[in-house]
Each structure stands twice: as C-alpha cells, then as structure tokens.
Amino acid sequence: MVELNWLALAIQTWQPPWTGPCRSVASFVCGFDAFSAAEIMSETPQTVDVSQLSSKIFLSAQELFKWRKRENLSVPQRGGAKDFEPDGSWLQAKRLDAFYEEQRSVLAEPRVEKSGNLVKGTWNADLKLVNIEKTAKFWMKMGFADQHRNWLHPEEALFLMEVNCLDVSYDGLRLSLQEAYSLFLAPVTDVTVEEYQVYGHLRRLGYIVIRHAGKQSDCTTDCKSKRTFTSWDFDAINFPDIAGKDTVTVEVSCQDLLPPNTCLNEDFEDVCMFDVEDYKRQQQQQSSARQGKFDHDSGFGHLKDLQFSYAEWVQQHSKPVVAKNWGEWKTAMQERNQSSFLQSPVAHLWKGEVTPLVRPKDSVSTAALLEKLSIIKPFKGPCPANSAGNDVKIVFDVYLPNTTFRKTSPGIPDHRICVARGEEPPDFFQAQSATAHLEDDVPLHWAVVNCGEISFFIFENSSLPVHTSSLG
Amino acid sequence: MASRAHEGQENSHVLSDLEQENKVQIYLVNGKATVWNAEDVVMLREHFRIVGVLVGCLPRAPRQNIHLGLPLELMPEETNLLLEKGFAELVKEKAASPRSVAERVKAIDAARRANFKEQQELYHEDRRREMMKRLPLILEGKKAKRKRVLAEAGEADMSAEDDSVADEITVDSLPVTVTAEKHMLLQLFTENPWTRETENAAGDWQFPTTEAEKLRCAVFRDLWEKEYFLTSGQKFGGDFLAYPGDPSRFHSFYIVICVDFNKQLPALDIVSMGRLGSNVRKTVLLASTDYDGSVKYTSLQWTGLS
C-alpha cells in the first residue's frame, strides 16, 4: 500500500430541516487539500468542507465502538530479563520485533470516553484559566471558584485532559492535547514544561498537589488554642497563697488544671493537698541543675567537691572592687580578672609555647568546655536573607492522599517542591534559606528535570550529638 | 527484515526518495522537540536509533508512572543529529485563522453528528444481539410475571396462558430504549487531527551555542555513528548512557561523561567516577574533542595490584 497521506473524510450533506429529512451519506475519498469532496456528493448548496480532518486520527463510529470497553489494561513491562549484547540471533530479533509492535499499538491507542463522563471546559485566553460549568469528583482537590464561576489552573486542566476527564474548547473548537500543550504552558502561561512534568508525575502517584500558597497555619491547633484561651475565666479561679505555709488544701474544680506535683487526697475527691515544701525543693533542684551545680539529695554529692568556680576563687583571692557606677565596676572587674590570671595556681601552664585550650574561667560547666573542643560547630539560625537574584521559587505544596483534605483550608503541606534545572545544585545558603521564612518543618524537595527524567533531592539538617546541661 | 534494509541505508546516511518526502515531523512545542505520532516514535527508535523519553499519560492506564505515553520528548543532541543528517524536520504549527477555526467548528460538528447517529445504530444492534442471547431468560421472566399477575387477579386457568405468551414475544416486539447522549463515545485527540499548517522552525532552534553544548553534540554524534543507542545519563551521574542495542533489551555498557580536553580534573573526581562505574558494573568513559575535532575517549577501570 502506498504511503501517501490519506486526507480522507466522512461527509454528511445536510438539508435544512424545513425542506425534509436529512440524508447522511458517508464515503471515503482520497484527495488533497484542494479537493472539497463534498462537491462530489452534494445535493444541496449547503456543504461542509471536512477535508481538513485527518481520517487516520479521527475514528469512525465502528472504531470508536470497539473502544467503549477497554479489555486490555495491562501496562507494558519495563526491564525484565535482558541480554548482555546483540548476538544477531533469531530469538533476539524476534523479541525486539515483538517489543516494537507492542509499542506501536500501545502508544497509538486512542482516548475514547463517554460524553457523560467528560466535563466540558473553555479556555479563557485573557485569564489563562479554564472555566468549567459542572464539577465532578476531581473538584474536591483541584480548582477554585471565583465570582460564581469554577476555574482550573492550566496545569490542572492539562492533567485532566491527559487522564481523559476533561474536554476543553477554545473559540468553540475542541482542543487536542497537542494544542493544549502549546496553549497552557510556557511561554504563554507561567507554568514551565518542567513544572508540569513534575506536577503530572506526582499526581499520577496519587498525591494532592496545589500551587504553593505561602505560609500556612495549622488550622486545627490554632483554632483549638484560640478557643481554650478565650474560654478561661480568670476571675472565677481561686489561686491559693502558698507563702509561709507547709501545705495547702485546694478544692479541685477540674482535675486537668492541677500542677504536676500534686496528688489527690484519697478520702476526698474534690480536695487535694499541695505540699509547699516539696514544691520549693523541686524549684531549687531545677535552678541548680541549670547552673550545673549538684544537689546532695540527688545523689551526686561526691561530685560537689570537684567543682571549681573560677569566679569564686578570684573573689576569695583579691581585693574587693570598689566603684561608683556600673561602668567603672565592669572595667575594674575586667582588670582584676586579667591580673589575677597571672597569679592563679595554673598560670605556669601558659608560659610555654603550647598552651592549654581551656582557661580556668571557661570552666563554668561541662557544656561550655565541650563547646571549646568542638570543631564542627552547629549552625544556629536565623538564616541570612536570600541574596538578591537567587530566590528559590517554591512551586508546589504536596499533601498525602486523604479524604479530609479541604481546598479552602488545606493546612500545612506534607512536602514542598521546587523545580530546578540540572545544571548547578543550590549553594548552602540557598538550600537553607529557601524555607526559613515559612518557619515550619515541612521538607523541601528539589525536583531536577532533565529531558523528561525527574529526580528528587532533599537537603536535610542533621544534628550532631551535643552535651546537655542537666545531668539529673 | 525491514530494519536490516534500513541499516544499510543509514550507514550511508542517505534517505530514499520516499522517505525524503515524508520526513518525520518534530514539533517544537514549548521550546522542546516533541513527536506526537506513535508510528514516528517507533520508527525513530527502530530505524534511526533515537530513543527519546515519553512524557505524557498512557491512554490505557493514565495514572501510573511505569510506562508513560505520547508525546515523546527528544534530547537537544538527538534533535540536532536528526536535523544534521536530514532524517527529520523541525516544524511549528501556525495559529489557525479565525475563518479556518469557524470552518473547523462546523466540520467537526457535522462529522460528530453523523458519528453519533451511527453509534446509536451500533448500540441498538448490540442491544438486540444481547437480547437474542438472553431470549429464553426473558421469556421465563415474562411468564413468571404473568403468572403472578393472574394469581393476584384470582384467575384459575393458567395453562392456556403459556403458549400465548410465547407467541407474543419476539425480539422485535421488545422495546429498546434509545441510547442517551451521555453514552455517546467521544474521541479526545492526542495529536492534532487537522491538516497541519506548519512552518519550518529550524530558525528557532538555537542549540548548540556554548562550548559545553557543542562538545556534547560532537560526542553524541560520534557514539551514534559507532552504532550505539544513547539516552540521558542523569540517573547515573553522567551525560549519556551508551547501549549496544535497544535499551529495552540490553543493559548499558558505558556511562559517558563529557569533559573539556584542557580541563584539569581533581583526583577525587576520578576516584568517585571510578567508584560509580564499578558499583553499577558499567565502564565510565571520559569523552573530549581533540584539537582536530575528533572525539577521544578515556575509560576508567577500577583495579588493583595483587
């Protein structure tokens, strides 16, 4: 069969309703653009030139009918057992041929859908959005409403077209996927091809993906705390006075307001004893633990003798400082510290070439000493603001698939995505400060797209083990 | 076999007259070179060893990432090679004039209405065939219903009814509901179904411009002429992956990394490349262009003395 481009046509000639019944004449004619095949068949002056519609692509009713129920839903396998190298064998050639045949048929399958399952939409070229009249199941997770009309973003509309849910027209003419690609993506809109590919990839996996919406408040806790805060009536709460008493008897109105070191009196349910002595002791323990001192009662008594406070030693071995104001006092203290250092019991260690790393006055606590030894210092916030021109554009907020997702108040996303090209990875500050302004722990994934291949990277902070100050 | 015949042709890099007229059309859409036709996609792979990446949803199973569908996106190096060798042409579609659009609206409307009518007939036929198959069951059902009705009405004589029921019902007498419009099958077009008003887009194709891009093109061309299949090497930390045969049937032999001939490579980089290759059992090829433009390769092999 000669491989000419068949510009074939299904033609129908119409008669206006008032002159009689319509007669449909279907025929296939081979021709070129100049030929209007309707001219051959016309019986009335009103003809329609369908020569522009390619029959290879536009299926006849019989062909469409075959596709009404897809029987084979299997996805062609990727990988599987592979050979090492081409050996010219018949078996290899056969397998290759089978592969090519399969590709040809699977890729050429048409997109056929019942018109009742499709939602109709129109492309608005000024707003660069798709307007839909009726909404369907996808409306829970996509799109937005504005001025009593329902809209879809271009990337959402394109994806719905690809999964055979949406039918978009522009100027009255239904769009093919190819036309939609050129209309809905850059440079016409601000959705780049790479961003759309990442969007499609995540949606196919089942995630809920929306455009990045800035800082989100976690609605659930926010609302709860607001509610509980305003529901407190402080005038009605009787705060007991514990000064100068050993124990205090408290009437309990509601148990969850009790402080942690109280226990209910077994005999009375609404009365409890608050042990003031115990409370004071616990306060002392906490404050001394913060200063790194040890309390006899906590079992570290034998370590108390090992404590050396440089400040105390200096005070014991020098004249008290006299000053008229704070400024004088500070300078006098500094001078005294400097001078007494030279007379301290360990001053001789600093005489040689190799000196100790730690000075006596540094020995405030174990944590302070370890701080001096650490070579890799943990980076503590806040991050410097983004240097000009290096703004990282966070593109999408991603939510795990769940039924409680609400479009109007989505809450804090589970992941965020920014799309990068494959050339240069971001530098340290870019990676750190990209989400600093959002102040939450949502991980930021960097999607690197290179010719249709997507890889995801993430920069995670890890903390080095650090000595904690309380040893209790 | 067709592919063998073509091998001879592509080695001499000359197309037959027929192929000259019907070169593969590569559409420049959103700045990317794409192919929208399944035949073309397979032909590029089978005859021209150009693989590309499928980036759309597959019509039969749209919500999975294992096997995607049309369009096929080509690497800039692949497009460059196809254009240089004259195997394909780069086109872009002209926007249709309003008059053209109006005509198309009318045309597709007419075509669709005819299509719907045919579909209705087909549905009708299908329904009738089903009813023919199930005729005994239908008759049973009708008999049972009659009996029930008569029993309620209190009529005693039932035997006489059976025959009359059988006589009354034939396939044609059973009513067939007209299929509603919502059941009409619509085709959503992937490729543009209209005759193309395309123009040559080679002028818009700026690749390659930088030295790095020129190097990549040269390396790609050289390896392609040595009968390898090449794909993007991003997943393995290289520029390309070189396969001895079709990627679907063979594993790649080489990870190709393009480096400038004069560039100094830190030793640590060489070690990491060597490690990479040995971990995935591929050979790392460092490719550069020499002063005369020819491509030279250096392979890394992780070895030791024992």
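Quick note on labels: first sequence line is chain A, next is B, and so on, each numbered from 1. Here the structure is a predicted model, which is why all the values come from computation and not from measurement.
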Would you please test Phe240(B) and Phe220(B) for ring-ring contact (aromatic ring centres under 6.0 Å, His included) and show each step? CA-CA 8 Å; Phe240(B) 305 114; Phe220(B) 186 91; 5.6 Å; yes
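Among the candidates Asp109(B), Asp246(B), Leu186(B), the residue making the largest number of heavy-atom pairs closer than 4.5 Å to chain A is Leu186(B). Listed options Leu70(B), Val105(B), Leu122(B), Val55(B) were ranked by heavy-atom pairs under 4.5 angstrom with chain A; first place goes to Leu122(B). Comparing Lys92(B), Arg112(B), Glu121(B) by heavy-atom pairs within less than 4.5 Å of chain A, the highest count is held by Arg112(B).
Only the side chain of Asp126(B) comes within contact range of chain A, judged by heavy atoms closer than 4.5 Å. For chain B, the nearby part of Gln197(A) is the side chain; its heavy atoms alone come within less than 4.5 Å. Contact of Val112(A) with chain B is made through backbone and side chain together, with heavy-atom distances under 4.5 Å. Interface residue Phe99(A): only side-chain heavy atoms are found under 4.5 Å from chain B. Only the backbone of Ala186(A) comes within less than 4.5 Å of a heavy atom of chain B; no side-chain atom from C-beta onward does.
No side-chain donor from either of Ser176(A) and Glu191(B) sits under 3.5 Å from a side-chain acceptor of the other. Lys282(B) and Ser252(B) form a side-chain donor-acceptor contact under 3.5 Å, judged by distance and modelled atom types alone. Side chains of Thr209(B) and Glu213(B): a donor on one and an acceptor on the other come within 3.5 Å.
At distances below 3.5 Å, not a single donor-acceptor pair connects side-chain atoms of Arg104(B) with backbone N or O atoms of Leu173(A). The main-chain N or O of Gly172(A) is never found under 3.5 Å from a side-chain atom of Ser169(A) such that the two would form a donor-acceptor pair.
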